[in-house]
Number of protein chains: 2
Amino acid sequence: MAYELFSRRGVRGVGVNELISRSGVAKASFFRHFASKDELVLAFLERRDQQWTVEAIVSEARRKGGTPEEQLLAIFDVFAEWFARDDFEACSFINILLEMGSEHPLGQASIDYLARIRGHVQQLAEEAGLQDTENFSRSWHILMKGSIISAAEGDLAAAGRARQLAGWLIDHHRA
Amino acid sequence: MAYELFSRRGVRGVGVNELISRSGVAKASFFRHFASKDELVLAFLERRDQQWTVEAIVSEARRKGGTPEEQLLAIFDVFAEWFARDDFEACSFINILLEMGSEHPLGQASIDYLARIRGHVQQLAEEAGLQDTENFSRSWHILMKGSIISAAEGDLAAAGRARQLAGWLIDHHRA
DNA sequence: GCTAAACGAGACAGGTTGGTCTGTCTGGGC
DNA sequence: GCCCAGACAGACCAACCTGTCTCGTTTAGC
């Protein structure tokens with residue numbers, strides 16, 4: 001409920017009143033559970049990390065690819081399907097980071113979750129036996145984020161473009 | 001005045017009251033000039049396109065590079081300097097697109113201005129004699145946007161990483 | 001069956017939002 | 001001298017914001 005709303009309209013675009021009236025919960029009950037709206041957003045981000053990053057992207061990519069290298073590239077195949085969905089709403093971590101700024105606690109939390117995504121990539125790179133996985137994962141992440149923004153602009157082929165660049169990046173990090 | 005405020009804090013983060021009290025203009029005068037806040041933002045975006053895209057990035061990159069290919073790569077040298085600034089506030093077009101959504105008029109305008117940026121890249125690619133400049137510029141733009149987000153996260157080396165990927169992209173688009 | 005915690009509904013507070021409207025003042029054309 | 005467009009200052013509006021508080025009612029533990 002709150003999940004979809006925050007995903008689609010951002011943090012500032014959804015008020016607690018709307019959240020409460022839609023969820024059929026009382027305001028007092030809401031604030032008993034979450035000390036503030038920001039804490040709800042924090043819980044949303046955590047769920048997003050689990051549900052989207054881990055389950056929808058990483059696990060799915062691992063399932064799709066045979067070798068670790070293929071699993072890495074499969075990230076962009078998952079992205080391609082994701083970009084094509086009509087309820088595509090970009091990456092909440094990026095959205096909230098840019099919306100709140102890197103100083104804000106929610107921006108900081110978003111940065112942390114983005115770092116976790118990079119961690120997953122680095123893990124896959126390790127498994128693939130690539131070199132310099134720290135820099136590899138950072139470059140890889142640039143492709144992921146860039147393609148997401150391009151998809152938000154309407155470029156449905158963005159995942160394919162990023163995948164091509166990603167292939168060259170793998171080539172240059174092989175032993 | 002409004003320019004810096006919108007750049008740093010986003011559209012929803014700055015109210016008209018603050019704009020007006022800071023600029024020493026009367027509220028009525030403000031609304032005589034701009035029919036709504038959105039129109040002010042539209043004017044801001046146009047100025048951003050001129051001042052930032054055209055003058056700060058494209059012209060500067062053209063000045064820096066000798067050959068057209070070097071000029072293309074110089075975009076990321078300009079980015080490197082830009083990312084290092086302590087008042088770095090990411091790309092207003094991306095910020096506003098994600099903040100308002102692609103349906104909103106301001107989101108649409110942001111998409112248009114991003115397309116203009118891609119047009120500049122395509123123009124440079126033409127001058128460099130590269131092949132398939134349409135797809136080239138779209139891939140290139142992924143690198144630009146991805147590195148900007150990474151810089152917003154705090155990765156100061158993002159421009160360098162993107163530049164490396166960009167080099168490979170050029171290699172694959174040469175005749 | 002009793003107590004106590006949790007519940008939904010919603011009034012309320014204090015502040016901010018985008019936007020309108022009423023004034024008063026000033027500068028230039030005639 | 002007179003007039004009027006446009007400037008400023010700021011009151012004002014309805015709607016919304018986050019967060020608190022008061023109600024009654026429901027539920028759970030013992």
Could you tell me how far apart [X] ([atom1]) and [N] ([atom2]) are, to the nearest whole angstrom?
| X | N | atom1 | atom2 | value |
| --- | --- | --- | --- | --- |
| B:F34 | C:dT20 | CZ | P | 15 Å |
| A:F31 | D:dT18 | CZ | P | 8 Å |
| A:R12 | D:dC16 | CZ | C1' | 15 Å |
| B:E39 | C:dG18 | CD | P | 15 Å |
| A:R32 | C:dA6 | CZ | C1' | 6 Å |
| B:F30 | D:dA7 | CZ | P | 13 Å |
| B:L40 | C:dT17 | CG | P | 15 Å |
| B:H33 | D:dA7 | NE2 | P | 6 Å |

Comparing A:V25 with B:A35, nearest DNA chain C nucleotide closer to 5' gives the residue A:V25
### Aromatic A:W82 / basic A:R85 pairing, under 6.0 angstrom, 45° off normal
no
Check: Has A:R48 got its NZ or CZ under 6.0 Å from the middle of the six-membered ring of A:Y113, at an angle within 45 degrees of the ring axis?
Finding: no
>> So, under a plain 3.5 Å distance rule, would you say the side chain of B:K27 forms a donor-acceptor pair with the base of C:dG19?
In response: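 Indeed there is one.
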- [ ] Could you tell me whether the side chain of A:E153 reaches within less than 4.5 Å of the side chain of B:H141, counting heavy atoms only?
- [x]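 Yes - at least one pair of side-chain heavy atoms lies under 4.5 Å apart.
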request  = Identify, between A:D38 and B:A28, the residue whose nearest nucleotide on DNA chain D lies closer to the 5' end.
outcome  =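 Result of the comparison: B:A28.
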Fill in: First encountered from the 5' end of DNA chain D, between A:V16 and B:N17
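Upstream on the strand: B:N17.
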- Regarding B:E46 and B:Q50, is there a side-chain donor-to-acceptor distance under 3.5 Å anywhere?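 Not at all, the side chains of B:E46 and B:Q50 share no donor-acceptor pair under 3.5 Å.
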Under 4.0 angstrom between B:S29 side-chain N/O and D:dC8 OP1 or OP2: yes
Side chain of B:Q71, backbone of B:R62: donor and acceptor closer than 3.5 Å?
yes
C:dG19, D:dC8, C:dG8: which one has an atom nearest the side-chain heavy atoms of B:A26?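 Out of C:dG19, D:dC8, C:dG8, the nucleotide with an atom closest to B:A26's side chain is D:dC8.
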